[in-house]
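Treat the numbers as computed from the prediction; the structure is a model and nothing was measured.
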Amino acid sequence: MLEEENAGPVVGDQVSVAQLQGAGRRNAIELHAAARRILSIHRQVSLRYAMAQVRNLILVLGDQLTPTVSSLASGDPAQDRVLMAELDDEACYVRHHKKKLAFLFAAMRHFAEELRGRGWTVDYVKLDAPHPHASFTAALCDAVARHRPQRVRVTAAGEWRVAHMMADWSAQLRLPVDILADDRFLSSPAEFKAWAHGRKQLRMEYFYRDMRRRTGLLMDGEQPPGGQWNFDADNRKPANADLFMPRPRTHPPDAITEEVLALVAARYGEHFGALTPFWFAVTRVDAEAAFAAFVESALPRFGDYQDAMLDDQPFLYHAVIAQYLNCGLLDPLQVCRAVEAAWRAGRVPLNAAEGFIRQVIGWREYVRGIYWLKMPGYERSNHFEHHRPLPDFYWTADTAMHCVKTVVTQTRDEAYAHHIQRLMVTGNFALLAGIDPHALHEWYLSVYADAYEWVELPNTVGMSQFADGGLLASKPYAASGAYIKRMSNYCESCAYDVKQRCGPRACPFNALYWDFIARHRDSLARNPRMAQMLRTYDKFAPDERQRIAESAQAFLATL
Ligand SMILES: Cc1cc2nc3c(=O)[nH]c(=O)nc-3n(C[C@H](O)[C@H](O)[C@H](O)COP(=O)(O)OP(=O)(O)OC[C@H]3O[C@@H](n4cnc5c(N)ncnc54)[C@H](O)[C@@H]3O)c2cc1C
Ligand code: SF4
């Protein structure tokens, strides 16, 4: 009997008839009763397991720190589990600025706490956990093995590299993976594609007007206030050094952030940039306070001095909020509504409110549309066939060009430079010197706290380097030293003379500018907006053209 009882597992409805037949009748009845008891226990255990089983595993990425992001909005804290992970691959696919890494990890850790406060169960895998993960895929595989969820759910990735990874997850995990649209933007990639379809030129201005109409921002019925859509022409004043500059609100690190700062110092000490002083907001509440402080003290002059640059003023009247918007701590529509309200209340002039709103619902949305329209492949655009390596001084600031030195030093210290510093100093120099746009793209992507490929790449490749041949910009943003002198006080402290065109003491931007025009004459001649510059170059005497070429070559040889 014992043998028969031990003959094999007796589980489930499959108690074998042979076993019953082989046993005596009494034993057969006992065996059957035992089988039924075991079956009942098995069913209870299965039921309890099913009840405890996670329904959706919701992966939240580091730039999805919004409680209403689509993955979380569609979830249920009672049945779903959130996964967040600090990943070495993400910290190093380009070697991000230390301050940027600290900002993102600290914001992620605070966001996990915020979610727990809202009732979510969060698996948060720290970089210094006993078993950290290198990649999203590794983190997911591990969490799926632990929790055996029915599905994985995630909001669509911001950049193509991660979207490409996501496309494989369902097969790798052998689970359904729901990829939900990121509705934190005002225009989806599909809507942008529809807008772009059939247009000869994709000019931001027309896209922006559509966005104004669609959102109702700064609209009086069907018309813009005062009948004017764009006040850019009013927003190009140089700044006087004695203007009072409000600084962005600073936020001393708390214990969570201090822990992150120590981690980043230990693991990524070799990366570019200063880690401290660290003053970024890392929570939604603080980011909102920083934005409110901007509206109160800097926004009124944001428009007038949007393009100005001053030696010891890294921020001027800029908002310094792109890092908060891009990781989800601030909402683009909400900030624009607050700016419109400040204008309607008479607290800020129209050129400031319009200038700000244009950057957010115009440029920010437009560059994202271009990114998804043109990826993959856009990152390798190189219209002018520029292949010079990135000079070391983009990392060391070791250059006699005071404008470049100032912007790189500030970038190193703050992980921040404002738009005109990026476009007309470091970007302009790279364009004139023929730097490889891809190398420059990787530099911008790594050094700024707000840098994500979807926004950085079109700004670098399209706007700053004209590497897409004019898809994004109507003409190259190339300028000689005269522009930098007009918009800044950099030239006053420079070893070079901005008034000289050629020779060892001449501002390098000057000869490089005319040499750029000469080198790309054929290509630029097709652009009517460059005609004036080509005519000016053509009026130079042959020996002056020769001197320009020699000066440019002599300088480039020093890089
Ligand atoms: C070569 C180059 C690279 C850039 N890389 C990035 C980047 O990685 N991430 C990024 O957010 N911006 C990028 N920009 C755009 C712009 O320089 C930054 O958005 C801005 O400097 C951020 O500082 P701020 O918050 O003080 O902006 P403000 O000048 O106060 O403007 C307000 C907001 O408008 C938006 N905005 C302004 N200009 C642009 C623009 N051209 N494209 C998209 N949004 C804009 C930003 O969200 C910004 O926070 C780049 C520009 C250039 C020329
Ligand atoms: S002189 Fe030329 S290099 Fe020097 S700060 Fe002015 S623009 Fe820059």
Side-chain angles (χ1 to χ4, degrees), residues 61-63 85-109 125-129 132-139 157-162 164-165 257 259-278 280 282 322-323 326-327 371 379-380 387-399 404-405 407-417 421-422 426-427 429-430 435-457 459-461 464-465 559:
L61 311 187
D63 59 355
E86 297 167 4
L87 303 168
D88 200 50
D89 280 8
E90 294 303 303
C92 296
Y93 72 94
V94 291
R95 287 159 61 91
H96 295 289
H97 193 299
K98 292 199 276 289
K99 210 167 251 175
K100 177 183 188 181
L101 290 176
F103 164 64
L104 276 172
F105 291 152
M108 284 171 68
R109 290 185 185 193
V125 187
K126 292 182 177 175
L127 257 176
D128 50 357
H133 303 296
S135 68
F136 288 122
T137 310
E159 58 192 42
W160 194 86
R161 182 182 60 85
V162 182
H164 188 58
M165 269 184 232
T257 304
E259 202 177 281
V260 169
L261 290 172
L263 176 75
V264 171
R267 287 185 74 118
Y268 302 112
E270 298 302 307
H271 284 210
F272 174 74
L275 184 56
T276 54
F278 184 88
F280 288 142
V282 292
Q323 70 279 20
N326 295 349
C327 75
Y371 177 80
E379 77 285 7
R380 290 284 164 192
H387 297 291
R388 191 177 297 281
L390 191 72
D392 280 352
F393 57 70
Y394 275 76
W395 302 108
T396 61
D398 187 11
T399 168
V404 177
K405 188 183 192 72
V407 175
V408 174
T409 304
Q410 174 193 317
T411 300
R412 182 195 66 204
D413 293 347
E414 305 289 2
Y416 177 85
Q421 293 177 311
R422 300 186 204 195
T426 43
F429 179 84
I435 307 298
D436 174 4
H438 191 77
L440 188 73
H441 144 61
E442 293 196 327
W443 183 78
Y444 279 112
L445 186 58
S446 63
V447 301
Y448 291 114
D450 55 38
Y452 297 83
E453 195 179 77
W454 64 265
V455 52
E456 174 278 327
L457 186 69
N459 269 300
T460 303
V461 156
S464 148
Q465 299 303 293
L559 293 184

Exercise. About how many Å separate CG of Asp128 and CZ of Phe105, when rounded to the nearest 0.5 Å?
Worked result: 10.0 Å

For this session: List the steps, then state whether side chain to side chain contact (heavy atoms under 4.5 Å, CB included) holds for Val94 with Trp443.
Result: CA-CA 8 Å; Val94 291; Trp443 183 78; over 6 Å; no

Exercise. Pairs in or reaching into residues 387-396: which pass side chain to side chain donor-acceptor pair (under 3.5 Å), with residues at least two apart or in two chains?
Worked result: Glu385-His387

Problem set entry | cation_pi(Arg161, Tyr93) dist<6.0 Å, angle<=45 | yes

Problem set entry | Spacing of CG belonging to Asp89 relative to OG1 belonging to Thr137, to within rounding of 0.5 Å | 9.0 Å

Problem set entry | Distance-only donor-acceptor check, side chains Tyr448 and Thr411, under 3.5 Å | yes

For this session: For residues Leu87 and Ala134, report the shortest heavy-atom separation together with the two atoms involved.
Result: CB-O, 3.4 Å

For this session: Check whether any side-chain N or O of Gln323 sits under 3.5 Å from a backbone N or O of Asp450 as a donor-acceptor pair, and report yes or no.
Result: no

Exercise. Is there a side chain to side chain contact (heavy atoms under 4.5 Å, CB included) between Val282 and Phe103 once you walk through the steps?
Worked result: CA-CA 7 Å; Val282 292; Phe103 164 64; 4.2 Å; yes

Seminar exercise, completed: Contacts of Glu442 meeting salt bridge (charged side-chain N to carboxylate O under 4.0 Å, His left out) (sequence neighbours excluded), chain-then-number -> none

Problem set entry | Atom pair CG (Leu101) and OG (Ser446), whose distance is rounded to the nearest 0.5 Å | 10.0 Å

Exercise. What pairs with Phe278 under ring-ring contact (aromatic ring centres under 6.0 Å, His included), at least two apart in sequence or on another chain?
Worked result: Phe280

Problem set entry | Counterpart residues, side chain to side chain donor-acceptor pair (under 3.5 Å), relative to Glu379 (two or more places apart) | none

Problem set entry | Set of residues satisfying ring-ring contact (aromatic ring centres under 6.0 Å, His included) with respect to His133, sequence neighbours excluded | none

Exercise. Side chains of Asn459 and Ser464: closer than 4.5 Å at any heavy-atom pair?
Worked result: no

Exercise. Is Pro389 close to Ile435 at the side-chain level, that is, under 4.5 Å between some pair of heavy atoms?
Worked result: no

For this session: Could you list all the side chain to side chain donor-acceptor pair (under 3.5 Å) pairs where at least one residue sits in residues 259-268, not counting sequence neighbours?
Result: Asp88-Tyr268, Arg109-Glu259, Lys126-Glu259

Seminar exercise, completed: Heavy atoms of Ala85 and Ala139 approach each other most closely as CB-CB, 4.0 Å

Problem set entry | Set of residues satisfying side chain to side chain donor-acceptor pair (under 3.5 Å) with respect to Thr399, sequence neighbours excluded | none

For this session: Not counting sequence neighbours, which residues clear ring-ring contact (aromatic ring centres under 6.0 Å, His included) with Tyr371? List them please.
Result: none

Exercise. What's the shortest heavy-atom distance between Ala417 and Val407, and which atoms?
Worked result: CB-CG1, 4.2 Å

Exercise. Can you check whether Glu86 reaches Leu263 side chain to side chain, under 4.5 Å on heavy atoms?
Worked result: yes

Problem set entry | Taking every non-hydrogen atom, the tightest pair across Leu275 and Ala102 | CD1-CB, 3.7 Å

Exercise. What pairs with Lys100 under side chain to side chain donor-acceptor pair (under 3.5 Å), at least two apart in sequence or on another chain?
Worked result: His96

Exercise. Can you name the closest pair of heavy atoms from Ala106 and Thr257 and give their distance?
Worked result: CB-OG1, 3.8 Å

Exercise. Any side-chain heavy-atom pair from His438 and His441 closer than 4.5 angstrom?
Worked result: yes

Exercise. Can you tell me if Glu453 uses its side chain to pair, donor with acceptor, with the backbone of Glu159 under 3.5 Å?
Worked result: no

Exercise. Does the side chain of Cys92 reach to within under 4.5 Å of the side chain of His271, using non-hydrogen atoms?
Worked result: yes

For this session: Taking all heavy atoms of Thr460 and all of Pro437, pick out the closest pair and write down the distance.
Result: CG2-O, 4.5 Å

Problem set entry | Residues Leu390, Asp436; criterion side chain to side chain contact (heavy atoms under 4.5 Å, CB included); working and verdict | CA-CA 7 Å; Leu390 191 72; Asp436 174 4; over 6 Å; no

Problem set entry | Side-chain donor or acceptor of Lys99 paired with backbone N/O of Ala415 under 3.5 Å | no

For this session: List for me each residue that meets side-chain contact (heavy atoms from CB on, under 4.5 Å) alongside Arg412, sequence neighbours excluded, and say none if there are none.
Result: Phe272, Thr409

For this session: Kindly indicate, with the supporting measurements, whether the criterion side chain to side chain contact (heavy atoms under 4.5 Å, CB included) is fulfilled by Tyr444 and Leu457.
Result: CA-CA 8 Å; Tyr444 279 112; Leu457 186 69; over 6 Å; no

Exercise. Is there side-chain contact between Asp63 and Asn326, with at least one heavy-atom pair below 4.5 Å?
Worked result: no

Exercise. Which residues pass the side chain to side chain donor-acceptor pair (under 3.5 Å) test with His97, sequence neighbours left out?
Worked result: none

For this session: Quick one: list whatever passes side-chain contact (heavy atoms from CB on, under 4.5 Å) with Ala274, sequence neighbours left out.
Result: Asp413

